Amino acid sequence: MVSLADLDREKEVMTWCPGCGNFTILSALKKALVSLKVEPHNAVVVAGIGCSGHLPNWINIYGFGGLHGRTLPVASAIKLSNHKLTVIAQGGDGDGYSIGIGHFIHTARRNIDITYITHNNQIYGLTTGQTSPTSPRGTVTKFTPFGSLEDPLNPIALAITSGATFVARGFAGDLEQLTKLFQQAISHNGFALVDVLQPCVTFNRTNTFQWFRERVYKLDDGYDPTDKVAAYRKALEWGDRIPTGVFYRVKRRTYSEGLPQISKTPLVKQRIGNVDIVKLVKQFM
Amino acid sequence: MVSLADLDREKEVMTWCPGCGNFTILSALKKALVSLKVEPHNAVVVAGIGCSGHLPNWINIYGFGGLHGRTLPVASAIKLSNHKLTVIAQGGDGDGYSIGIGHFIHTARRNIDITYITHNNQIYGLTTGQTSPTSPRGTVTKFTPFGSLEDPLNPIALAITSGATFVARGFAGDLEQLTKLFQQAISHNGFALVDVLQPCVTFNRTNTFQWFRERVYKLDDGYDPTDKVAAYRKALEWGDRIPTGVFYRVKRRTYSEGLPQISKTPLVKQRIGNVDIVKLVKQFM
Amino acid sequence: MITNKLSWKIGGEAGFGIMTTGYIFSKACVRAGLNTFDFTEFPSLIRGGHNTYQVRVEDREVHSPVKSVDILVALNRQTIELHEQELTPGGAIIYDSSLELERKIRPDVKVFAVPFLDLAKKAGGERLMVNNVALGVSFALVDFDLKTLLKVIEETFKDKGKKVTELNKAAAKEGYDYMRQLKPEFGHRLRKAKTMNRMLISGNEAVALGALKAGCKFIAAYPMTPASGIFQFLAGYEREYGIIAKQTEDEIAAMNMVIGAGFAGVRSMTCTSGGGFSLMVEAVGLAGITETPAVIVEVQRPGPSTGMPTQTGQEDLRFILSSSQGEFPRVVIAPGDVDECFHETINAFNLAERYQIPVFILSDKHLGESRTTTKVFDTRKVRIDRGAVLSDAQLRRMKQFNRYEDTKTGVSPRSIPGQRHGIYTATSNEHGESGIITEESEDRVRMVDKRMRKMKFIEREMPKPHVYGSPHPEITLVCWGSTKGAAMEALTWLLRDHVKVNLLHLVYLNPFPSDQVKAALDDGQKILLIEGNATGQLGGLIRENTGIEIGHRLLKYDGRPIYPEEIYDKVKEVLRHG
Amino acid sequence: MITNKLSWKIGGEAGFGIMTTGYIFSKACVRAGLNTFDFTEFPSLIRGGHNTYQVRVEDREVHSPVKSVDILVALNRQTIELHEQELTPGGAIIYDSSLELERKIRPDVKVFAVPFLDLAKKAGGERLMVNNVALGVSFALVDFDLKTLLKVIEETFKDKGKKVTELNKAAAKEGYDYMRQLKPEFGHRLRKAKTMNRMLISGNEAVALGALKAGCKFIAAYPMTPASGIFQFLAGYEREYGIIAKQTEDEIAAMNMVIGAGFAGVRSMTCTSGGGFSLMVEAVGLAGITETPAVIVEVQRPGPSTGMPTQTGQEDLRFILSSSQGEFPRVVIAPGDVDECFHETINAFNLAERYQIPVFILSDKHLGESRTTTKVFDTRKVRIDRGAVLSDAQLRRMKQFNRYEDTKTGVSPRSIPGQRHGIYTATSNEHGESGIITEESEDRVRMVDKRMRKMKFIEREMPKPHVYGSPHPEITLVCWGSTKGAAMEALTWLLRDHVKVNLLHLVYLNPFPSDQVKAALDDGQKILLIEGNATGQLGGLIRENTGIEIGHRLLKYDGRPIYPEEIYDKVKEVLRHG
Ligand SMILES: Cc1ncc(C[n+]2csc(CCOP(=O)(O)OP(=O)(O)O)c2C)c(N)n1
Ligand SMILES: Cc1ncc(C[n+]2csc(CCOP(=O)(O)OP(=O)(O)O)c2C)c(N)n1
Ligand code: SF4
Ligand code: SF4
Ligand SMILES: [Mg+2]
Ligand SMILES: [Mg+2]
């Protein structure tokens with residue numbers, strides 16, 4: 001049996017600011033993995049660069065801390081190389097929605113069976129405070145002393161548009177719900193986004209825990225996450241009330257399922273010692 | 001008075017395949033510019049790399065043929081440098097929706113006042129036939145001999161989601177409508193996408209002029225392009241019937257309008273001969 | 001009468017099958033036991049452009065095309081205008097008699113105006129069959145074996161059904177008969193020879209075949225001329241050979257995927273050209289610091305930027321050598337011919353995994369897309385060496401597994417995700433031996449030293465540069481990569497002229513084989529540097545590493561390959577004047 | 001008693017204002033007429049990390065920090081653990097008396113356990129005021145001018161309101177009084193001096209100021225440590241100076257925007273570090289072939305990949321020199337101090353427009369983020385030269401405007417979009433003089449030659465490398481960029497020791513000043529190469545361009561700047577042994 005303790009790396013000092021929403025995300029992820037009985041050596045987390053990107057140092061599963069914005073191609077390739085692994089990609093809102101947005105959209109439409117967790121703090125944390133694509137218009141930062149001039153992106157609507165087959169929003173102030181969302185996302189067969197509202201207590205003084213607590217509510221049981229237009233309608237809701245939960249869910253063949261060459265044996269397990277190319281050579285003769 | 005002849009570059013040999021949809025796009029663009037009385041020296045077209053990318057060689061306005069997928073940043077900067085210019089970006093579906101999709105999304109949300117024309121032939125033309133992000137699943141190409149495994153993107157829905165303020169679809173088989181759409185897009189104050197269904201007669205044997213003629217229809221006068229959810233609904237329509245026309249249109253402050261520093265004089269006209277930095281130097285003393 | 005020594009060229013409008021036609025000509029020659037080198041030229045346009053396919057045929061091995069042409073088949077006027085001057089005196093021009101020529105053709109060549117379309121129609125075909133008529137006409141002119149030609153035509157079109165095949169054959173036969181009946185007098189002929197076990201293959205195909213043989217299971221790439229052929233080949237065998245060939249959204253994704261797959265324990269690669277590689281540069285450093293094996297094939301074309309997408313050049317050597325911020329070990333291999341393409345690709349995969357580094361294959365359009373005749377690749381000595389991967393048992397026995405253990409060779413045995421006792425975190429940040437981020441001075445220095453130490457060990461086992469020709473040269477030719485072909489040809493010609501000349505050809509460019517290069521060049525002889533770029537990049541590298549400054553240079557950067565004639569002439573000039 | 005020669009350092013947990021505190025200390029010294037060099041260290045973490053700010057103070061010019069510390073102010077235990085060893089004998093350690101120390105402090109230093117929090121509270125403040133207490137204590141210890149300190153505190157906090165300002169001042173005063181009343185005996189003191197017209201400025205700020213002065217109107221960048229300071233500075237003056245500062249979605253967009261603005265006639269720039277620059281590589285070639293002016297500031301940090309984001313290094317020289325496929329002219333400038341940062345940035349803009357090329361400013365974290373005291377920049381000689389831009393009248397008079405006209409210098413006069421008679425198309429493909437795509441051999445060669453020709457003319461007008469020190473040296477130090485500071489310090493010390501030594505410092509690295517370097521190194525003297533990397537990149541460049549191989553090397557790559565002590569020791573060692 002896997003326990004939470006198996007996922008710990010107590011030795012390593014955690015460097016997130018006290019009170020940062022990232023702690024909850026890490027806890028929820030550990031709990032979800034444990035509850036799903038994923039063995040540590042069969043899980044891989046791929047991180048970007050950002051405060052969020054430090055996460056793989058503090059969870060005892062395979063980890064790959066890649067480049068800023070490039071989590072998804074790395075994670076996709078790991079999954080295709082060994083689709084028996086549980087593959088999780090995670091990174092910041094800058095990482096995923098600014099520099100990395102192209103990969104987000106294309107990984108979604110590919111429906112590669114990985115879970116993508118975004119630590120959406122509406123700010124660049126690690127670089128000490130610049131606007132991110134989810135910062136509200138008018139946000140004042142070091143880079144935008146006169147207020148940003150851009151409308152924020154809507155990650156939920158973007159995911160739906162791009163073909164993600166599981167689209168959810170969580171809140172780092174609600175460990176229980178977040179854990180459940182991660183469980184569902186990891187269990188989902190296909191590309192799953194969990195966009196997490198993650199207060200940055202140091203650089204985002206607007207979207208605080210308090211601010212979110214006053215606004216978030218859970219999509220209720222009556223909500224039908226298979227209706228795309230309805231999902232769009234919910235996705236557009238942002239302001240006094242902010243819905244959380246699973247916005248959209250649909251079944252579609254995953255990328256791996258379209259590859260007969262790995263239906264029996266994962267790529268990494270196939271032998272390469274003595275590939276026979278005689279037949280091919282003949283073609284050139 | 002500007003005439004169509006002013007926009008010609010007869011000397012240059014056109015190298016598109018006979019019958020290619022690109023010819024219509026070029027004609028429509030010229031007609032739109034003439035009808036809007038845009039003087040050739042006040043217009044700039046920024047192209048990507050692809051068959052479509054050859055266009056600036058054959059129209060007598062300022063042209064910039066940049067990199068594959070990078071039309072929009074170049075076009076944006078030209079516009080910000082001199083917002084009196086009419087700036088048009090154009091490129092292929094690979095250029096804009098694959099490698100360049102990040103710029104597409106971010107330029108849209110910035111609402112920079114440029115027109116973006118995509119030559120959407122659902123294939124990579126110049127590289128002699130590979131799938132593009134708009135190729136239907138199962139498309140067989142040199143790169144996907146067993147059929148592509150990815151669902152196509154929906155450029156119209158993506159543009160709406162990203163905050164484009166004018167979103168339209170044209171068809172290279174309808175010069176008149178296309179000209180009108182280009183006129184509207186260029187006149188629109190803000191980021192305008194015209195996604196053009198452009199048959200590639202050489203590498204796309206499925207989505208031919210005939211194929212489209214049997215399917216396209218025009219959004220009628222009763223359609224309200226300011227209703228976002230309705231726009232999504234229309235955007236999702238693709239198959240036996242394919243809507244064309246303006247899907248979505250909304251007013252929003254453009255990026256330039258948020259910049260008081262250019263409200264009087266375009267950046268390029270501001271004098272730089274003798275910038276006074278004495279005050280700033282004092283700060284460091 | 002010259003036997004089995006011919007340079008044949010066909011030219012016509014793009015989009016009308018010139019490429020296939022040239023291929024058939026060449027393949028038929030190879031089937032008949034001859035050796036060929038094929039060379040194509042086409043602009044980066046789909047139609048409206050002008051294409052040529054040139055086949056050099058001999059009964060001995062040929063390493064490069066020559067500038068001169070003995071038979072020119074012109075399907076359009078441009079072919080005559082652009083290439084008439086390339087004809088050897090006494091050569092032949094065969095052109096479509098329906099073309100309206102604006103001026104006389106050179107008096108010193110034989111002219112055959114052939115009613116191509118009429119003949120095609122006579123055979124029951126149409127415009128598209130004209131090329132086959134041209135093949136038949138050409139074969140008749142050199143009195144060559146029609147049967148072999150028809151056989152190759154049959155194989156080529158068999159997928160299109162029997163009817164098409166027969167029509168194509170009939171067209172060729174019609175052309176053949178037409179020319180025979182003219183009883184042309186011509187100074188060249190081709191005869192069957194007995195050479196066996198020959199393949200007609202391009203550099204791109206050889207690299208792909210090498211990758212397959214090396215056990216590459218994953219290729220991620222974004223389409224880019226002239227590298228696409230590699231991906232295309234492997235994509236065709238995805239199912240049969242259990243490979244995943246992933247067309248990505250861009251080159252950034254491709255390179256990051258290669259790293260993901262490498263991290264997960266799968267041999268993986270990408271292929272691209274300079275512009276695409278530019279986008280991979282950041283991830284190359286990621287492979288560097290995470291010590292992830294990766295094979296990157298860069299098929300060069302002339303730059304800067306988009307440059308000339310369908311032409312050739314050798315301009316990216318210095319770029320590849322220093323690409324990405326920071327310092328880390330890498331190997332750069334520039335094969336000189338298709339045989340080296342095959343074997344060095346296998347080496348690349350072995351080196352990448354054994355040293356856990358990015359390894360580059362630096363090719364170019366000329367090498368990548370020109371087909372040439374070569375002996376069937378000898379796979380008997382091929383070994384797959386996956387380097388230090390710990391077994392489950394080994395991992396279990398370890399007190400602590402340190403992924404980046406500081407070892408004598410700098411190589412740290414690794415685990416593969418999924419192994420129970422091999423859990424670790426790789427990171428693009430500097431880290432300690434365990435893999436966890438650190439910014440301590442000592443950790444940093446230890447890791448830099450550990451990584452860079454690999455270079456010493458690679459250098460020791462690296463194949464030495466080849467030296468061909470005279471043992472005591474008065475002049476040494478120096479070149480790298482695909483220029484080998486033309487240099488080998490020129491070498492042969494010069495040796496035949498009793499010039500004391502040799503050739504130093506570099507395949508391994510990093511680590512740089514300083515001692516061997518120095519030894520080869522330190523003999524007081526004249527030295528001629530030959531490169532496909534404007535700045536003499538290898539020349540700079542040689543001076544940087546050996547102190548030797550090369551005085552004579554043949555630098556070509558017009559997008560065309562270097563021809564043996566150019567080298568030959570330059571050597572003569574240097575020996576005369578310099 | 002040592003007057004006006006002090007190395008002061010404060011350390012504490014990240015996120016508690018150490019940076020501001022150090023800045024106040026330094027600024028107060030400058031105001032009092034002294035010279036400082038500030039040096040900060042912090043990990044790439046927001047909290048939980050450990051920060052230090054070190055200020056070296058003298059009454060003569062200082063060019064670099066020193067390793068040794070005379071006063072160490074420790075706000076946390078780590079400061080003591082990590083930095084105690086840096087203290088000079090007789091130095092002082094001031095620490096928070098509430099810290100529980102695990103072991104004794106060195107016996108040869110003076111120890112002051114100060115109840116920081118109590119004092120802060122006494123002044124009416126809280127935890128955050130502790131830093132000001134430390135400032136007061138420090139000033140008292142060196143018997144320095146409290147008034148100046150209070151004035152600088154006031155200026156620093158004035159935006160936060162009167163109350164905060166007064167509290168901060170009170171805290172400083174409390175600390176000052178506390179220490180005065182202890183009547184400490186200490187070997188260092190600071191005294192006001194009369195030097196005037198001094199600024200305290202960092203390299204990043206100096207570059208930004210240079211850009212402003214040069215008429216830069218457009219900066220596009222993506223946040224990246226340690227380059228962000230440049231953007232930040234300019235963003236703050238967007239409105240006042242009529243600039244657009246655009247944070248982009250990534251570095252690819254940033255570089256392409258710079259090119260768009262340059263094409264449109266606006267002086268534009270970007271700033272980034274190695275990883276971000278990796279993503280710009282493709283577009284650098286676009287600037288190259290379209291001949292669009294562009295200024296790129298790369299502020300280096302140690303790689304490869306993410307490496308050590310908040311440390312320093314000089315590892316990207318070769319990368320910058322060869323970045324992007326193909327060959328095209330570029331200028332690479334590595335300023336050595338803040339004055340050069342300012343002036344060379346202006347030069348960069350002039351060169352970029354005059355030669356229509358990308359120009360690089362290669363800085364690093366140490367230069368970019370360390371503040372230093374310098375004379376107020378002399379702007380009297382600053383000239384803005386926009387190069388050959390055709391007027392409307394000139395264009396009208398032309399029969400045909402050829403954007404890429406083949407000229408003697410390689411520079412073709414350009415038009416700006418919006419000019420009636422200047423219409424043309426720029427393209428990333430190879431093109432003819434008019435700008436229209438071509439793949440012809442001659443056009444290609446003409447364009448390559450035309451572009452590369454610029455290098456010759458740039459070389460001719462380029463400032464020569466500086467040589468400082470003895471005219472007939474027995475040893476020459478060679479370095480580039482930010483290493484100048486430490487080398488200048490060491491030079492001063494060595495000259496004081498009567499060592500015959502000089503320093504060759506390179507600011508312009510491309511085109512490479514081969515003749516001058518050769519002349520400076522060809523004297524039979526010993527040569528010591530000093531670089532912040534592991535492979536000796538400048539060393540390679542020197543050998544490549546002059547044939548001179550440098551035998552002695554001081555290479556440092558632990559992420560820390562090179563210290564003058566290290567150079568001094570190495571020189572002594574080389575002179576002794578080697
Ligand atoms: C190519 C590249 N550009 C820039 C950076 C610098 N950088 C590091 S983290 C970061 C953004 C951090 O914001 P986000 O992704 O939202 O993560 P957070 O810190 O908020 O968790 C940036 C721009 C980088 N590492 N790589
Ligand atoms: C960075 C980079 N990668 C790849 C290429 C090669 N390339 C040229 S055009 C093209 C795609 C063309 O497809 P599309 O954008 O749809 O344009 P079309 O030719 O169909 O008009 C590609 C991949 C390139 N020029 N640059
Ligand atoms: S800066 Fe913000 S996101 Fe980063 S660790 Fe601190 S609170 Fe968390
Ligand atoms: S390949 Fe297709 S898109 Fe390109 S010119 Fe030909 S028809 Fe048009
Ligand atoms: Mg963030
Ligand atoms: Mg296309």
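Predicted model, so just to flag it, every value in this text is computed and none were measured. In what follows, chains carry the letters A, B, and so on, assigned in the order in which the sequence lines appear, proteins first and then strands, with residues in each chain numbered from 1.
Checking side-chain atoms of B:H106 against main-chain N and O of A:Y97 turns up a donor-acceptor pair under 3.5 Å. Of the possible donor and acceptor atoms, none in the side chain of B:R109 sits under 3.5 Å from a partner among the backbone N and O of A:L153.
When each of A:K228, A:R233, A:R253 is checked for heavy-atom pairs under 4.5 Å with chain B, A:R253 comes out on top. Taking B:P133, B:S98, B:A235, B:S162 one by one and counting their heavy-atom pairs under 4.5 Å with chain A, the maximum is reached by B:P133. If you tally non-hydrogen atom pairs under 4.5 Å between each of A:L259, A:V229, A:N111 and chain B, the highest count goes to A:V229.
In this structure, the portion of A:Y232 lying under 4.5 Å from any heavy atom of chain B is its side chain and not its backbone. Contacts between B:I99 and chain A at a heavy-atom distance below 4.5 Å are absent for every atom of the residue. There is no contact between A:P260 and chain B, counting heavy-atom distances below 4.5 Å.
Interatomic distance, A:T107 OG1 to B:E150 CD, rounded to the nearest 0.5 Å: 9.0 Å. Note that the CG atom of B:D151 and the OH atom of A:Y255 stand 12.0 Å from one another [nearest 0.5 Å]. The distance from atom CD1 of A:I160 to atom CG of B:L236, rounded to the nearest 0.5 Å, is 10.0 Å. Rounding to the nearest 0.5 Å places CG of A:L158 at 5.5 Å from OG1 of B:T161.
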Just do the side-chain contact (heavy atoms from CB on, under 4.5 Å) check on B:R110 and A:L149 with the steps written out, would you?
-> CA-CA 7 Å; B:R110 260 165 221 153; A:L149 297 173; over 6 Å; no
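Counting non-hydrogen atoms of neighbouring residues, nucleotides and ligands closer than 6.0 angstrom, the CG atom of A:D240 reaches no more than 12 such neighbours.
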